[in-house]
Amino acid sequence: MKEWQKLLLILVAFWLAYLTPWDSETVRRSGLEAFMMLQDYAREHVLTCLIPAFFIAGAIAVFVSKAAVLKYFGSKANKVLSYSVASVSGTILSVCSCTVLPLFAGIYSRGAGIGPATAFLYSGPAINVLAISMTAKVLGWQLGLARAVGAIFFAVVIGILMSWIFCRDEAEREECQMHLPDEEPNKRTLLQDGLFIFTMVLVLVFAAFAEPGPGAHNFWTTIYSIKWHSTAVLLVLVCLMAWKWFEKNERQDWIHSTWSFIKMISPLLFAGVLVAGFLLGRPGYPALIPEQWVAELVGGNSLQANLIASVAGALMYFATLTEVPILQGLLGSGMGQGPALALLLAGPALSLPNMLVIGSVMGLKKTVVFSLIIIVMATFCGLIYGNFFN
């Protein structure tokens, strides 16, 4: 940070401490909700989601060949292949908008193009099979189908638009990559590296697997019943692979890379969770902005209602699967079907903590454009959907 930025940060902290009316019951409750949300996040997501994601990102940054990333996700890669893989990658990951960040940072730092990288960034939390099936069961098959189709369509379109808008930046980034020194030959086969990272992804999938709701299919309940046994077995396999296939200096590089991602992402992530909790609170617990205000503003199917739902979804933090019961309550309070879809398309993939971290990875301008594309597309998709099903 530059010196003027440090001074500005100190002044902002001072004025917040000086002017915040903590004697107000609403403000005190909001402050408590901020730390309660942070506690919920720490208990439910840090150990089972975020830590595995950091280790995967560190492994990608150290063990995955930059040439391999450029081959499949670089600006000159086969577009059909790269966008197809990126747009459906979330089907096996039960991750939220924050847990996907280390994975995105890992592939982006290895040279993935802005298009495939942002398609993956959106699809990771948006195309969760369990979340989509739960949406269809609880909120209706129409909304579940619209969410599934819309999420895949969004991922591809977002990636293409980001690649087109920032084509000049991508050309400069690619030019820099062309002048990088040659990488040392890999001591392992591509299959070994792939199995190692895939096993860690399975650790993340099982450890983060959320408890299915009442009446869920037996398949999901069976997976949930064996999640910790499976996670333990997979962790043992990861340790054995790391011991047998990698040298000591490589394991040290992996830990250092993981630690660098933790330092870069965690402070902004936790700060964003605190702010989101202070403003919006946890589901069912009012904070500075009451839930009923949101419900009143998103009734019907007007452009304003869909836009407000998209913006509210983009700012709120949704843990995996929590968007479904939240929407169920909002629909019961009068929310329209169109705004419900808009919130489903914008909410799981974006959040205030998510945007803060993305800005540190790919810059403020790209983050703003990425967020605006999602909000605008979610608004108009909700508007179109609401005309048919409201």
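- Every side-chain hydrogen bond (donor to acceptor under 3.5 Å, both in side chains) that R28 has, sequence neighbours left out, goes to E25.
- No more than 12 heavy atoms of other residues, nucleotides or ligands shown are found within 6.0 angstrom of CD on Q304.
- Among residues two or more places apart in sequence or in another chain, the ring pair (Phe, Tyr, Trp, His ring centres under 6.0 Å) test is passed with F154 by Y122.
- Taking the six-membered ring for Trp and the full ring otherwise, F196 and W254 have centroids separated by under 6.0 Å.
- Within the 4.5 Å cutoff, the side chain of N301 has no heavy atoms near those of the Q337 side chain.
- Proximity of M362 to T118: side-chain heavy atoms (C-beta onward) are separated by under 4.5 Å at one or more points.
- K365 places a side-chain heavy atom less than 4.5 Å from the side chain of F166.
- A search for ring pair (Phe, Tyr, Trp, His ring centres under 6.0 Å) contacts involving F14 returns Y18, not counting sequence neighbours.
- Atom CG of D40 sits about 8.5 Å away from atom CD of E33, to the nearest 0.5 Å.
- With sequence neighbours excluded, no residue forms a ring pair (Phe, Tyr, Trp, His ring centres under 6.0 Å) with F278.
- No donor-acceptor distance shorter than 3.5 angstrom exists from the side chain of T20 to the backbone of A17, with no hydrogens or angles considered.
- Take T26 and apply the side chain to side chain contact (heavy atoms under 4.5 Å, CB included) test, not counting sequence neighbours, and it matches S24, R29, S30, L288.
- Note on L344: it clusters hydrophobically with F153, by side-chain heavy-atom contacts below 4.5 Å among ILVMFWY residues.
- The number of heavy-atom neighbours closer than 6.0 Å to CH2 of W4, taken from other residues, nucleotides and ligands shown, is 12 or below.
- Considering only heavy atoms from C-beta on, L240 stays 4.5 Å or farther from W245 through its side chain.
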Note to self: Before you tell me yes or no, could you show the steps for M355 and L315 under side chain to side chain contact (heavy atoms under 4.5 Å, CB included), namely the whole-Å CA-CA distance, both residues' side-chain angles and the distance that decides it to 0.1 Å?
What the structure shows: CA-CA 9 Å; M355 287 186 269; L315 294 176; 3.9 Å; yes
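- Clustering ILVMFWY residues whenever any of their side-chain heavy atoms sit less than 4.5 angstrom apart, transitively, puts F388 in the very cluster that holds L341.
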Give every donor-acceptor pair under 3.5 Å between a side-chain atom in residues 374-383 and any protein atom, sequence neighbours left out.
from	atom 1	to	atom 2	distance (Å)
T379	OG1	S310	OG	3.1
T379	OG1	I375	O	2.7

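- F198 and I51 fall within a single hydrophobic cluster, where Ile, Leu, Val, Met, Phe, Trp and Tyr are joined by side-chain heavy atoms under 4.5 Å apart, directly or via other members.
- Taking a 6.0 Å sphere around CH2 of W228, one finds it holds more than 12 heavy atoms contributed by other residues, nucleotides or ligands.
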